[in-house]
Number of protein chains: 2
Amino acid sequence: MRRDSRLSGVLHILLHMARQDGPTTSEEMAKAMDTNPVVIRRLMAGLRDHGYVRSERGHGGGWTLVCDLSTVTLRDIYTALGCPSLLAIGNRTEAPGCLVEAAVNSVLDESFRDAESLLLSRLGEVTLAMLSADVRRRLAARGRSRRGEKGTRRPT
Amino acid sequence: MRRDSRLSGVLHILLHMARQDGPTTSEEMAKAMDTNPVVIRRLMAGLRDHGYVRSERGHGGGWTLVCDLSTVTLRDIYTALGCPSLLAIGNRTEAPGCLVEAAVNSVLDESFRDAESLLLSRLGEVTLAMLSADVRRRLAARGRSRRGEKGTRRPT
DNA sequence: GCCTCATGTAACTAATGATGTTATATGATG
DNA sequence: CATCATATAACATCATTAGTTACATGAGGC
C-alpha cells in the first residue's frame, strides 16, 4: 500500500519556513518540494485552521509561522492534518457476527492500539523547535565537512 | 486509506479450519467469509508455501492445517503473507538530497521503526493455539449466556 | 477412460484514497 | 485597476486491495 506522506511533507515545509524571514509563497514551497502549489495549500489548510500558520493574499503575501515552535509537537501537526490513519492493516470487519472473527479482531485490535499509541506518543515528544535545531546541526556538520570544497549546496 | 485486511482474513480462516476435522474447501471458506473462493486461495497460497497448511485437489480435497498451532505465531502468518507494510504513513522520499527533509525523515523513521517493532513483537507473542483457545472460551461463554434461549447461533 | 470436483493462476474489473492539474473566484497591494 | 497570491472545486492519475471470470491442472470415483 502506498504510504501517506502528508505529515512528512508538511514538516518539510514548516522547517523551510522556519529558516526564512518573511512569508513564503506556495509557489516557492512547491518548487522546493517538486510538486504543485495547490498541493501545498491543501496541506497547509489544516495548519492554518489550527492557528499554526497564517496565510496572506496579494503582493508580499504567502505563508508565515505564527506559533511557538517549542510548544508545537509533531503530533499536533498530525492532528491538524486530520489524524489520517496510521496503520496500513486492519480488521476485515468491525463488530462481526461471527465469534471466531470477533476473537481475531480482539487480539489484533489490541496490538493495533498499542502500536498506534506508541507512534502517537513518540510524535508527541518531538517539538518543531527540536526538529529545527536538528536541521541547524546538520547544516553545520555539512559546512564543516565541506569547508574548502567547491560547490557546497544550499538546502533546497 | 483503506486498510489491508489480509492478516485478519487469513486468521479467521485458520481458526475455522482448527475447529474442523477433515479438509475445508475454498468454497466453504468463501461462504463463511462472504467472499470469493479465489480470494481464499490467494490468501492461502503463502501459508502453503511456508508449510502451515496443505492443499489437495479433487474429491475430498481442500485445505488442511499441517502445523503445530502452539508454535506458530501471528507474526509467522504475517510473514507468510509477504510482510505487507504495517504503517499507512511514511516519508515523502527516501534518501533526499535536501538536508531539511533528511532531518524530517530521520526523526519520523525512528518513530516508525519503533511502532512497527512493537506491533511485530506483539504479533510474535500470540500463537494460533492461544487464539483458538480464546475462540473456545467465547463459544463456551455464549453457550452459558444463551442456555435455555431459543435460536442459539453457531459460528459462521 | 472419463466425469466431476477442487485447487492454481492469469487477467480483468471495481473501489478507494493520495497526489497532481486545471480553472475560477476572492482578496490584498501598489 | 492590474497584478499577485491564496481558496477551492473539479477532474485526472496512480497504486493497491478486493472481487470476478475463465481456463488449466490434477485427483478420485465410477
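Please read these numbers as outputs of a predicted model, since none were measured by experiment. First the proteins, then the strands, lettered A, B, ... as listed; each starts at 1.
- Side-chain N/O atoms of A/R3 and base N/O atoms of C/dG17 include no donor-acceptor pair closer than 3.5 Å.
- With rounding to the nearest 0.5 angstrom, the CD1 atom of B/I13 is 6.0 Å from the CE atom of B/M29.
- Summarising the geometry, the separation between CG on A/L47 and P on D/dA7 is reported as 12 Å, rounded to the nearest angstrom.
- You'll find a donor-acceptor pair under 3.5 Å spanning the side chain of B/R42 and the base of D/dG19, going by distance alone.
- Remark: the backbone N or O of B/A80 is not paired with any side-chain donor or acceptor of B/D49 at under 3.5 angstrom.
- In this structure, A/L43 and B/G62 both approach DNA chain C, and ranking their closest nucleotides by distance from the 5' end singles out B/G62.
- Between D/dA7, C/dT7, D/dT17, one nucleotide has an atom nearer to the side chain of A/W63 than all others, and that is D/dA7.
- Listed candidates were D/dT8, D/dT20, D/dA27. Nearest to the side chain of A/V38 is D/dT8.
- Of the two residues contacting DNA chain C, namely B/T24 and A/E56, the nearest-nucleotide position lying further toward the 5' end is that of B/T24.
- Of the side-chain N and O atoms in A/S55, one or more sit less than 4.0 angstrom from OP1 or OP2 of D/dA7.
- Backbone-only engagement by A/R48 is indicated by non-hydrogen atom pairs under 4.0 Å involving sugar-phosphate atoms exclusively.
- Between A/T35 and C/dG20 there is a side-chain polar atom (N or O) within less than 4.0 angstrom of OP1 or OP2.
- Proximity of B/S26 to the phosphate of C/dT7: a side-chain N or O atom is located under 4.0 Å from OP1 or OP2.
- Spacing between atom NE2 of B/H59 and atom P of D/dG26 amounts to 17 Å, rounded to whole angstrom units.
- At whole-Å resolution of the value, CG in B/L7 and C1' in D/dT17 are 15 Å apart.
- At the heavy-atom level, B/G60 lies nowhere under 4.0 Å from the strands shown.
- Here the P atom of nucleotide C/dT21 and the CD atom of A/E27 are 12 Å apart, to the nearest Å.
- How far SG of A/C98 is from CZ of B/R138: 10.5 Å, rounded to the nearest 0.5 Å.
- OP1 or OP2 of D/dA7 has not a single side-chain nitrogen or oxygen of A/R57 nearer than 4.0 Å.
- For the pair A/R41 and D/dT8, the criterion of a side-chain N or O lying under 4.0 Å from OP1 or OP2 is not met.
- Between the C1' atom of C/dA18 and the CE atom of A/M33 lies a distance of 14 Å, rounded to the nearest Å.
- The CG atom of A/D49 sits 13 Å away from the C1' atom of D/dT6 (whole-angstrom rounding).
- Remark: P of C/dT21 and CD1 of A/I40 are 12 Å apart, rounded to the nearest angstrom.
- Not one N or O on the side chain of A/R6 forms a donor-acceptor pair closer than 3.5 Å with the backbone of A/P84.
- For A/R113 and A/D109, the salt-bridge test fails: no basic side-chain N is under 4.0 Å from an acidic carboxylate O.
- With hydrogens and angles ignored, no donor-acceptor pair closer than 3.5 Å exists between the side chain of B/R2 and the base of C/dT16.
- No side-chain donor from either of A/S117 and A/D114 sits under 3.5 Å from a side-chain acceptor of the other.
- Put simply, CZ on A/R6 is 14 Å from C1' on C/dG20, counting in whole angstrom units.
- A close approach under 4.0 Å does not occur between any side-chain nitrogen or oxygen of B/T25 and OP1 or OP2 of C/dC5.
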